[in-house]
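In what follows, chains carry the letters A, B, and so on, assigned in the order in which the sequence lines appear, proteins first and then strands, with residues in each chain numbered from 1.
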2 protein chains.
Amino acid sequence: MARKHDPDFLTSVELEFMNGLWAVGSGTVREIMANMDAEVDRAYTSGATVMRILEQKGFVASDKKDRALVYTPVLSKNEYQGRSIRQMSKSLFDGAPGALVARLVDDEMLTDEMIEQIRSLLDDKQEKSNG
Amino acid sequence: MARKHDPDFLTSVELEFMNGLWAVGSGTVREIMANMDAEVDRAYTSGATVMRILEQKGFVASDKKDRALVYTPVLSKNEYQGRSIRQMSKSLFDGAPGALVARLVDDEMLTDEMIEQIRSLLDDKQEKSNG
DNA sequence: GCATATGTACTAAGTTTTTAGATGATAAAT
DNA sequence: ATTTATCATCTAAAAACTTAGTACATATGC
C-alpha cells in the first residue's frame with residue numbers, strides 16, 4: 001500500500017534502522033539490525049517490515065543477492081544530516097542556522113573540548129572564505 | 001485518554017502550535033492559532049484538540065479566564081531547543097554536538113558576522129566556566 | 001428575549017507508526 | 001531425505017497522529 005504523502009523525514013525507529021544501514025554501507029535486514037544500538041529487542045520480521053516501508057518511502061533501495069535482499073541507502077547520512085539541520089533551523093530557530101549554533105554553544109552540557117573543536121571549525125571556515 | 005508512553009518530543013503539528021504559543025507567551029486557542037505561520041487552514045476544533053493533547057503530554061498548562069482556557073507553556077522554547085539539539089546530536093551525529101556544527105558550517109552560508117557572533121559566545125562561555 | 005458567536009468536551013474517522021505472527025519458499029545440516 | 005534455519009511476503013493489531021464534527025454552555029448584539 002502506497003502512502004498518501006510520502007514524508008521527507010524519518011520516524012525515530014526508521015532512523016535507528018537507517019543508522020544501522022549507514023554503518024554497514026549495504027546489508028541485509030539481519031546485518032542492519034546487528035549494527036544498531038540494540039537497546040530494544042525486536043523480532044526479525046519487525047525489522048523486515050521497517051525496511052520494506054523505508055523502501056516504499058524511497059529512503060533505501062533493495063537488490064536480491066541469492067535469497068536475501070540487500071538494502072542500500074538512497075540518501076546518504078550526510079545528506080540527511082543537512083536536511084535535518086535545515087528542518088530544525090526552519091521549524092525551531094526562525095530559519096536562522098546561526099541561532100541554532102548559538103543555542104548549542106549556550107548549552108551547559110558543552111565541554112571545553114567541544115568548544116575548542118567548534119572554534120577550530122570556525123577558524124577553518126573563515127580561512128577558506130577569506131583566503 | 002492518557003497516553004501509554006508520554007513522549008519527550010513534539011510532533012510537527014504540535015510544534016506548529018507550540019511556536020504559536022511561544023510567540024504570544026500565553027493565550028487562548030484562537031490567539032495561538034492567529035500567531036502561527038498559517039499556511040494550513042485548520043478548523044478551530046482541531047486546534048482545541050491539539051492543545052488538549054499538548055496539555056495531556058505536559059507541554060502546556062491551562063487556566064480558565066472567564067469562559068476561555070488560557071494556555072501557558074510548561075517548557076520554554078529555549079529549553080525545547082536545547083532538548084532537540086541534544087536529541088539530534090545523539091541520534092544523528094554520534095552524540096557529538098561538534099559534529100553537528102561541523103555539518104552546519106560545512107554547507108550553510110554562515111556570514112563572517114555570524115561567525116564572529118558565535119565566537120564571542122564561545123568566549124563568554126569559556127570565561128564563565130574557567131575564570 | 002432570541003439569534004449569533006465563542007468556548008469546552010466528547011466522539012470519531014482516516015492515516016501512520018510500530019510490532020510481530022503466519023505462511024511458504026529455499027538453503028543448510030545431519 | 002528429512003529436519004532446521006533463514007528469508008520474503010502477507011496480514012494484522014495496538015497505539016499515536018491529525019483532523020474535525022456534534023453537542024452543549026455561555027456570553028453578546030440587536
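- Summarising the local packing, CG of Asp124(B) is surrounded by more than 12 heavy atoms from other residues, nucleotides or ligands at distances under 6.0 Å.
- For Asp6(A) and dT15(C), the CG to P distance is 15 Å, given to the nearest whole Å.
- A salt bridge is absent between Asp123(A) and Lys125(A); no separation between the charged side-chain nitrogens and carboxylate oxygens falls under 4.0 Å.
- Between Gln56(B) atom CD and dT8(C) atom C1' there is a gap of 14 Å when expressed in whole angstrom units.
- Residue contacts for Ser12(B): at a heavy-atom cut-off of 4.0 Å it reaches the sugar-phosphate backbone alone, with no base atom in range.
- Near DNA chain D, defined here as any heavy-atom distance below 4.0 Å, the residues from residues 67-75 of chain A are Arg67(A), Ala68(A), Leu69(A), listed numerically.
- For the pair Arg30(B) and Tyr44(B), the cation-pi test (distance below 6.0 Å, angle within 45°) is passed.
- Nucleotide dA25(D) holds its P atom 13 Å from the NZ atom of Lys64(B), rounded to whole Å.
- For the OP1/OP2 pair of dA5(D) and a distance below 4.0 Å, the side-chain nitrogens and oxygens of Tyr44(A) include no atom meeting the criterion.
- Between dC7(D) and Lys65(A), no contact under 4.0 Å exists linking OP1 or OP2 to a side-chain N or O.
- Atom CZ in Phe9(A) sits roughly 17 Å away from atom P in dT16(C) (whole-Å rounding).
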**Message:** Can you build the contact string for nucleotides 19-24 of chain C? Use B for base contact, S for sugar-phosphate-only contact, and - for no protein heavy atom under 4.0 Å.
**Reply:** BBBB--

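- Between the NE2 atom of His5(B) and the C1' atom of dT17(C) there is a distance of 14 Å, given to the nearest Å.
- Counted within 6.0 Å of CG on Asp66(A), heavy atoms from surrounding residues, nucleotides or ligands total 12 or fewer; the atom is thus considered open.
- Between dC7(D) and Arg30(A), a contact under 4.0 Å exists linking OP1 or OP2 to a side-chain N or O.
- Atom CE in Met33(B) sits about 15 Å away from atom C1' in dT8(C), given to the nearest Å.
- Annotation: the span from Leu100(A) atom CG to Met88(B) atom CE amounts to 6.5 Å, rounded to 0.5 Å.
- Side chains of Asn35(A) and Asn19(A) form no contact here, defined as non-hydrogen atoms less than 4.5 Å apart.
- Below 30°, between 30° and 60°, or above 60°: for Tyr80(A) and Phe59(A) the angle between ring planes is above 60°, a perpendicular geometry.
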**Step-by-step side chain to side chain donor-acceptor pair (under 3.5 Å) determination, Ser84(B) to Gln87(B)** = CA-CA 5 Å; Ser84(B) 299; Gln87(B) 169 63 18; over 6 Å; no

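- Counting to the nearest Å, the C1' atom of dA8(D) and the CD atom of Glu31(A) are 16 Å from each other.
- Computed from coordinates, the Arg3(B) CZ to dT18(C) P distance equals 15 Å when rounded to whole Å.
- For dT18(D), the OP1/OP2 oxygens have no side-chain nitrogen or oxygen of Lys4(A) closer than 4.0 Å.
- The number of heavy-atom neighbours closer than 6.0 Å to CG of Asp37(B), taken from other residues, nucleotides and ligands shown, is 12 or below.
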